[in-house]
Undergrad: 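Encoded as C-alpha cells, here's the structure I'll be asking about.
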Amino acid sequence: MSRIAGRFQQLAAQGRTALIPYIVAGDPSQDITVPLMHRMVESGADIIEIGVPFSDPMSEGPVIQQGHERALANGMCLSRVLELVQEFRKSDDTTPLLLMGYANPVMHMGYAAFADAASAAGLDALLTVDIPPEEVDDINAQLQRVGIDNIFLVAPTTPEERITRIAAGASGFIYYVSLKGVTGAGHLDSDEVAQRLAAIRRHSTLPLAVGFGIKDADSARTVAAVADGVVVGSALVNAMAQTLADGGNSGQAIEAVAALLGEIRKGIDNAAS
Amino acid sequence: MTINASEELYVAVPDEQGRFGPYGGKFVSETLMAALAELEVVYRNMSTDKQFQQELDHDLQHYVGRPSPLYEARRWSDSIGGARIYLKREDLNHTGAHKVNNTVGQALLAKHMGKKRVIAETGAGQHGVATATIAARLGLDCVVFMGETDIQRQALNVYRMKLLGAEVVSVTSGSRTLKDAMNEAMRDWVTNVDNTFYIIGTVAGPHPYPMLVRDFQCVIGREARAQSLAQTGRLPDALVACVGGGSNAIGLFHPFLQDETVAMYGVEAGGHGISTNQHAAPLTAGTPGVLHGNRTYLMQDSDGQIMDTHSISAGLDYPGVGPEHSWLKDIGRVNYVVANDDEALRAFHKLTKIEGIMPALETSHALAYAETLAASMTPEQTIIVNLSGRGDKDILTVAEIDGIVV
Ligand SMILES: Cc1ncc(COP(=O)(O)O)c(C=O)c1O
C-alpha cells in the first residue's frame, strides 16, 4: 500500500482528519526546508505538500508567489527539491510527501527522468496544477510505472460529468479547491464545500482533501467536519515571511509555523470530537 | 491553382484537443476548464451563425474601417532595388493596429455570452487600447493588466486606456512585462470566471484561444490575397510579419498556407542579439515547454524556468509564441528569423522618412527583415509586409534613444 493510502486509512481508523501543510521548497532559504518539514511533523502534520518554485505560478496569490520568487532567487530548482526529499527521508520514512508545482519544470526534466528520480528520492505523489485530465496520459504512464500517485484537482466549477472522469484517473486522494480564485484568497463558503464534497463522494471512494481558503484553526475546523484532509499553505508561508521581516531568525520562523500548525491541529481534532 | 493534400493539413488544426501537432492544448488549472469548454461551444456555434458573422462584418467595416489598403511602397522599394514591397495597412485600423480585429470579435462573443466584464493583458498597450475601446462601445467594465515596466515605456497608451474608462492594473510580479500581465489576467479570470470574459490579445493561451484569435485575424490575409490578385494579377512571392505572440503574422499567413509558391517569414525580436541571451526569440533560440495554457517553443533555462526577455518593443517582449507557429516551424512551412533592436530602429526611421508612414516598433522588426529579403530578390517579385501598427505610441521611446526630450 502507498504511504498516502496507508496514512489516510490509519487516520480514518482513529477518526481523525489529515493535516496537510504546504511550504515552498527553498523559501526563505535552502537550509530551512528539511528542518522545517521535520518540525511540521512534530507539530501535527500528516502529509507534507512541498511547492516546487516556478517563475510563473499562475494559480498562486501574492503570498505564495513571493515564496516562489524567494526560492528561485536562492537557486532552488526541481532536482534540488528532490534532493531535499531524499534528505528528509533519511530520518522520516513514514510521512507521505507530495510535490505541488507546474507542468514546465517536470516536462523539462522529462516525465520518465522525473519519475525515476522522484521514486529514488522517496516521493509519494505529484500534483501539477496545470495538467488537467485532458493532458495527463503521458505523465501518468510514467508515474504509474514507479508507483507515484497523481493528485487531481476538482474545482467549484467542475461539472459532475467531469468529476466522474477525474475520479477514474485519480489515486491517493482528490484535492478539492474550495473557492474560485488563487491560493490565499479569503472567501471560503463552507456550505458549498460540504455540498461539493458530497457530489465527489458519489463518484469516488478516495479520501478528499480541501485547500485554498483555509488560514486558521476556525476555518480548518469547519472544513475538517466534512473533509478527510485539510491543506494549509498561504498562512504558513506568510507566518515565516512575517517573522523574518520582523527581524526574526530561521529558527524563530520555523517555530512560528510550528505554533500555527499546532493551533490548526487542535481545531481539526476538535471538529472530530 | 490545384488543391493538394496540404490544404487539408492546414485546416485540420487544431484538432479536438486544441493541438497543432504536438503543440497547443489546454494546460490550465481545473477551475478554468469548464469556462474554456463553454467558450469553445459558443465559438463553434457563432462561427457558423449567419447573424453573428454579419454583425462582425458590419463592425469590421464601419467601426474598424476595413478593408485596410494594400499599399505599394514605391520609394522604399526603389531605394532597395530588389523585390517590390507592398504594405498591408493594419495601422489604418481604428486604434492603430491589427489588435482590434480580434477584440471586436471576442467582445461580440462576450456580449452573446452575457458577460458584463472583460479583462485583457497588454504589452505595448495596443491590445489594451483595442479592448478598452470596444468595452466603451458596448458598455462593458474593462480591466487591463500591464507590467510595471511596460506602463513606463508605453505611458501614452496607459492614459488612452484610462480615458476610455478602463482600469489599468500595474503588475509588479516576475519580470513586470507581458508574461506577468498574462499571469495576473489568468488569476483574475480564475477568481471572476462567472461574470468575466478574458479577451486574450494574441494566438497564445489555452485552446480555443489560439484558434479563435487566428480566425478573427485571418481577415488580414484574406483581404491581402484578394488585393494582391486584383492589383498585381498574381500572388506575392513572400510574406513578412513580426512575431510576438504571433497574431498579426498568423492572420496574414494563414489564408496563404496552401499556396506553395508563397514563402513566409516570421520575424522575432533579436533584442541585443541572439548570442547575448537578451532577446525575445523563442522559435529561433528556444525549446518546447508549457506556459500560459499551451505547449509551444519557450525561452527557458535548464530547470524549465521561464527566462526574462528583452526587446525594444514591448509588444514582442514575450518568452513564448502561439502554438501554431511552433508547428509551422517544425513542418518547415514558415521560416522564423530575427531582427535586432538597432535594425528595427533603423527601419522605423527609414519608413517614416521615405514613405511618410510611421510604423510601430514591433512592426519595424518585420520591415528590417523585409529590406534584407527584398534586396536578395528581383523587381519582378513582390513581398507583402504586414504593417501591423502605427508608431505614435513609440515616439517617446525613440526620442529617448535619440537623446531628445519631447
Ligand atoms: C503593432 C503591433 N504589432 C505586433 C504586435 C505583436 O503581437 P502579435 O505577434 O500577436 O501580432 C503588437 C503587440 O502588442 C503590436 O502592438
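All heavy atoms count here, side chains included; hydrogens, waters and symmetry mates do not. The chains referred to below are lettered A, B, ... by the order of the sequence lines, with proteins before strands, and numbering in each begins at 1.
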Undergrad: Highest number of heavy-atom pairs under 4.5 Å with chain A: which of M186(B), M307(B), M33(B)?
TA: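 Most heavy-atom pairs within the cutoff with chain A belong to M33(B).
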
Undergrad: Measuring from atom OG1 of T31(B) to atom CG of L153(A), what distance do you get when rounded to the nearest 0.5 angstrom?
TA: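 Those atoms lie 7.0 Å apart.
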
Undergrad: Give me the atom names and distance for the closest heavy-atom approach of F54(A) to G304(B).
TA: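 Scanning both residues completely, I find the closest heavy atoms to be CE1-O, 3.4 Å.
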
Undergrad: Do the non-hydrogen side-chain atoms of N192(B) and K180(A) ever get within less than 4.5 Å of each other?
TA: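 Contact flag for N192(B)/K180(A) side chains = no.
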
Undergrad: Measure D301(B) against the heavy atoms of chain A and call it side chain, backbone, both or neither at under 4.5 Å.
TA: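 For D301(B), the contact with chain A is made by the backbone alone.
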
Undergrad: Quick check: closest heavy atoms across E135(A) and K26(B), and the distance to 0.1 Å?
TA: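 Shortest heavy-atom contact: OE2-N, 2.7 Å.
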
Undergrad: Which of residues 166-174 of chain A get closer than 4.5 angstrom to chain B, counting heavy atoms alone?
TA: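 Checking residues 166-174 of chain A against chain B gives I166(A).
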
Undergrad: Under 4.5 Å, heavy atom to heavy atom, which residues of residues 110-119 of chain B contact chain A?
TA: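 Not one residue of residues 110-119 of chain B has a heavy atom under 4.5 Å from chain A.
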
Undergrad: Under 4.5 Å heavy-atom distance to chain B, tell me which part of A185(A) shows up: side chain, backbone, both or neither.
TA: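 Interface part for A185(A): neither.
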
Undergrad: Counting heavy-atom pairs under 4.5 Å to chain B, which of S59(A), P159(A), C77(A) comes out on top?
TA: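 That would be C77(A).
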
Undergrad: Take atom CD in E16(B); do more than 12 heavy atoms of anything else shown fall under 6.0 Å from it?
TA: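 Counting neighbours around CD of E16(B), 12 or fewer heavy atoms of other residues, nucleotides or ligands fall under 6.0 Å, so no.
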
Undergrad: Decide if atom CZ of R145(A) counts as having more than 12 heavy atoms of other residues, nucleotides or ligands within a radius under 6.0 Å.
TA: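 Enclosed.
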
Undergrad: Do H292(B) and M58(A) come close enough that some side-chain heavy atom pair is under 4.5 Å?
TA: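 Side-chain contact under 4.5 Å: yes.
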
Undergrad: On a heavy-atom basis, which atom in E30(B) and which in V154(A) lie closest, and how many Å separate them?
TA: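 Nearest pair, atom of E30(B) first, then V154(A): CG-CA, 4.1 Å.
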
Undergrad: Write down the atom of Q305(B), the atom of P105(A), and the distance for their closest heavy-atom approach.
TA: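 So the minimum-distance heavy-atom pair works out to NE2-CG, 4.3 Å.
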
Undergrad: Does anything in residues 60-70 of chain A reach chain B? List residues with heavy atoms under 4.5 Å apart, or say none.
TA: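 Residues E60(A), Q65(A), E69(A) are the ones that qualify, each having a heavy atom under 4.5 Å from chain B.
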
Undergrad: State which residue, out of L78(A), V52(A), V81(A), fulfils the side chain to side chain contact (heavy atoms under 4.5 Å, CB included) condition with D303(B).
TA: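 Checked L78(A), V52(A), V81(A) against D303(B); only one passes side chain to side chain contact (heavy atoms under 4.5 Å, CB included): L78(A).
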
Undergrad: May I ask you to list the residues in residues 170-180 of chain B that approach chain A closer than 4.5 angstrom, counting heavy atoms only, ordered by number?
TA: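 Only S173(B), G174(B), K179(B), D180(B) of residues 170-180 of chain B have a heavy atom under 4.5 Å from chain A.
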
Undergrad: Under the 3.5 angstrom rule, does the side chain of R162(A) hit a backbone N or O of A34(B) as a donor-acceptor pair?
TA: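 No: the side chain of R162(A) does not pair with the backbone of A34(B).
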
Undergrad: State, to 0.1 Å, how close G289(B) and N104(A) come at their nearest heavy-atom pair, and which atoms those are.
TA: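 Heavy-atom minimum between the residues: CA-OD1, 3.1 Å.
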
Undergrad: Please identify, among P57(A), P133(A), P156(A), the residue contributing the most non-hydrogen atom pairs under 4.5 Å to chain B.
TA: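 Result: the option with the highest number of such pairs is P57(A).
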
Undergrad: Give a yes or no on whether the backbone of G181(A) and the side-chain of T191(B) come within a donor-acceptor separation of less than 3.5 Å.
TA: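 No, the answer is negative, given that no donor and acceptor are paired below the 3.5 Å cut-off.
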
Undergrad: Give the member of A37(B), S302(B), P288(B) that has the highest number of heavy-atom pairs under 4.5 Å with chain A.
TA: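 Top count of heavy-atom pairs under 4.5 Å with chain A: S302(B).
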
Undergrad: Rounded at 0.5 Å granularity, tell me how far CG in D56(A) sits from CD in E184(B).
TA: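 Separation between the atoms: 11.5 Å.
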
Undergrad: Pick one of side chain, backbone, both or neither for V28(B), based on which atoms fall under 4.5 Å of a heavy atom in chain A.
TA: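 Backbone only.
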
Undergrad: Which heavy atom of R19(B) sits nearest a heavy atom of E134(A), and at what distance?
TA: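 For R19(B) and E134(A), the tightest heavy-atom pair comes out as NH2-O, 3.9 Å.
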
Undergrad: Enter the distance from S55(A):OG to N183(B):CG here, rounded to the nearest 0.5 Å.
TA: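 So the gap between those two atoms works out to 8.0 Å.
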
